[in-house]
Amino acid sequence: MKKLQDKIALVTGASRGIGKSAAVHLATEGAFVIVHYANQREAALKTVEEIEAFGGKAIALKADFSSLENITALFKEIDQLLKGKKLDILINNAGILNKFGLEEITETQFDEQFAVNVKSPFFITQQAISRLNDGGRIINISSYLSKKPKYEYGAYSMTKAAIDNFTLSLATALGPRKITVNAIAPGSIDTDMNKERFKDIEVREAVSKMTAFQRVGKPDDISKVIVFLASEAGEWITGQYIEASGGLGLV
Ligand SMILES: NC(=O)c1ccc[n+]([C@@H]2O[C@H](COP(=O)([O-])OP(=O)(O)OC[C@H]3O[C@@H](n4cnc5c(N)ncnc54)[C@H](OP(=O)(O)O)[C@@H]3O)[C@@H](O)[C@H]2O)c1
């Protein structure tokens with residue numbers, strides 16, 4: 001039997017990068033996956049196609065998290081889709097990174113950073129709690145930078161520290177329902193978020209050399225941890241910050 005047979009998962013930001021990989025890995029283990037996306041419909045449909053190609057089940061749903069109304073609308077669609085069934089796994093993954101230091105960041109950029117990375121997982125979780133089965137899983141995608149912030153990613157680092165904090169309070173509150181809540185902190189992963197940065201081969205090599213394995217991370221490196229936490233093997237792990245960075249910064 002597959003590890004997540006008949007489970008229902010919502011993965012935010014599953015059109016690309018880590019979220020896409022998570023959706024595919026969860027579906028491989030038997031979960032029905034709601035593939036959320038904001039604008040890149042084609043990419044989300046491709047995620048669904050990839051899942052269906054191996055006999056998995058998935059559907060793409062759109063919501064731009066810069067507004068709360070869209071989150072409410074997303075859950076209305078989920079209710080119609082699930083027809084009384086509940087979610088088992090919530091992966092709060094969607095996120096953006098604005099690279100601006102204190103001097104140059106504008107109020108709009110700061111607000112956008114917090115709307116997508118903090119406000120949306122907070123209110124998605126608020127909506128999800130009553131729709132989540134007891135024994136379920138909430139996995140928040142944090143960042144290595146939440147505990148090792150960088151000046152030029154100041155606002156982004158702050159958003160991820162907020163996610164770590166939220167993870168802790170949720171884990172305590174949802175313990176009686178046997179729902180585990182954890183934060184996974186990726187290091188530097190090869191996704192669109194780092195596309196510009198990694199175009200510079202010297203930057204890529206410099207980051208690789210900072211890891212114990214001498215390479216940058218791949219989305220699958222994170223999805224494997226997601227599947228572990230989502231599966232039965234993860235049932236005794238809650239309120240944890242799990243850095244999955246290949247030992248970034250150890251070298
Ligand atoms: N990549 C890294 O090195 C790294 C390191 C640490 C932590 N993380 C975290 O890991 C998560 C995934 O990152 P990634 O690198 O996979 O990112 P990515 O490849 O840039 O993908 C971002 C995802 O978020 C969605 N999204 C963007 N803006 C949104 C909005 N306004 N409303 C709703 N969804 C929105 C995108 O949807 P569309 O495709 O529709 O635009 C896409 O699915 C993020 O939380 C990020 O902070 C990444």
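Read the numbers this way: they start at 1 and go in the same order the structure lists the ligands and their atoms.
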- [ ] Inspect the contact between K199 and E196 and indicate whether a charged nitrogen and a carboxylate oxygen are less than 4.0 angstrom apart.
- [x] yes
Task: Salt bridge present between R16 and D192 (N-O < 4.0 angstrom) - done: yes
Open item on the list: I need the single residue from N92, N98, T159 that forms a side chain to side chain donor-acceptor pair (under 3.5 Å) with N117. Which is it?
Closed with: T159
- [ ] Collect the protein residues that have a non-hydrogen atom under 4.0 Å from ligand 1 and hand them over in chain and number order.
- [x] G13, A14, S15, R16, G17, I18, H36, Y37, A38, N39, Q40, A63, D64, F65, N93, A94, G95, I96, V116, I141, S142, S143, Y156, K160, P186, G187, S188, I189, T191, D192, M193, N194
- [ ] Give a yes/no verdict on a cation-pi contact between K7 and F32, requiring under 6.0 Å between NZ or CZ and the six-membered ring centre and an angle within 45° of the axis.
- [x] no
TODO: Check step by step if side-chain contact (heavy atoms from CB on, under 4.5 Å) holds for K20 and T191.
DONE: CA-CA 10 Å; K20 174 180 182 162; T191 67; over 6 Å; no
Open item on the list: My understanding is that only residues two or more places apart in sequence, or in another chain, count here; which of them pass ring pair (Phe, Tyr, Trp, His ring centres under 6.0 Å) with F110?
Closed with: F114
